[in-house]
S.K.: 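Structure in structure tokens, see below.
Nothing here was measured: the structure is a model prediction, and the numbers come from that model.
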Amino acid sequence: MMSHEAFVFLSYAATAVTLGGLLAGILLDGRARRRELAELEAQGVRRRSKPAGGAK
């Protein structure tokens, strides 16, 4: 049988691993999206939220 302390430790460890994985996924996805945006802007595609020529 597992002791209470071991159960609590394993629960916290599993939570930390899960949150770390989610954070890593978010950061990697953000990098990929920024890279894709840079490629699109280099091709001349502009965002609708960014006015062309600085005028509104």
Side-chain angles (χ1 to χ4, degrees):
M1 198 57 109
M2 191 183 328
S3 70
H4 177 72
E5 292 83 13
F7 174 77
V8 171
F9 174 76
L10 289 175
S11 297
Y12 275 101
T15 301
V17 168
T18 302
L19 289 176
L22 287 170
L23 180 62
I26 289 169
L27 293 175
L28 291 173
D29 187 57
R31 282 185 183 177
R33 296 308 132 236
R34 280 194 296 274
R35 196 174 320 123
E36 287 177 1
L37 258 178
E39 289 174 8
L40 287 171
E41 288 179 347
Q43 294 173 6
V45 177
R46 297 289 176 229
R47 290 183 265 178
R48 287 184 286 173
S49 60
K50 189 175 186 180
K56 285 190 173 188

S.K.: Just verifying a value: how many Å separate L23 CG and T18 OG1, rounded to the nearest 0.5 Å?
M.R.: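 Spacing of CG (L23) from OG1 (T18) equals 12.5 Å.
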S.K.: Can you see which heavy atom on E41 is nearest to which on R46, and at what distance?
M.R.: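 So the two residues come closest at O-NH1, 3.3 Å.
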S.K.: First locate atom CZ of R35, then atom CZ of R31, and finally report the distance between them rounded to the nearest 0.5 Å.
M.R.: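 Reported to 0.5 Å precision, the distance equals 8.0 Å.
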S.K.: Counting only heavy atoms not in R33, do more than 12 fall under 6.0 Å of its CZ?
M.R.: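 Yes.
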S.K.: Among residues two or more places apart or on two chains, list those pairs meeting side-chain hydrogen bond (donor to acceptor under 3.5 Å, both in side chains) that have a residue in residues 7-17.
M.R.: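 Every candidate side-chain hydrogen bond (donor to acceptor under 3.5 Å, both in side chains) pair involving residues 7-17 fails, so no pair, neighbours aside, qualifies.
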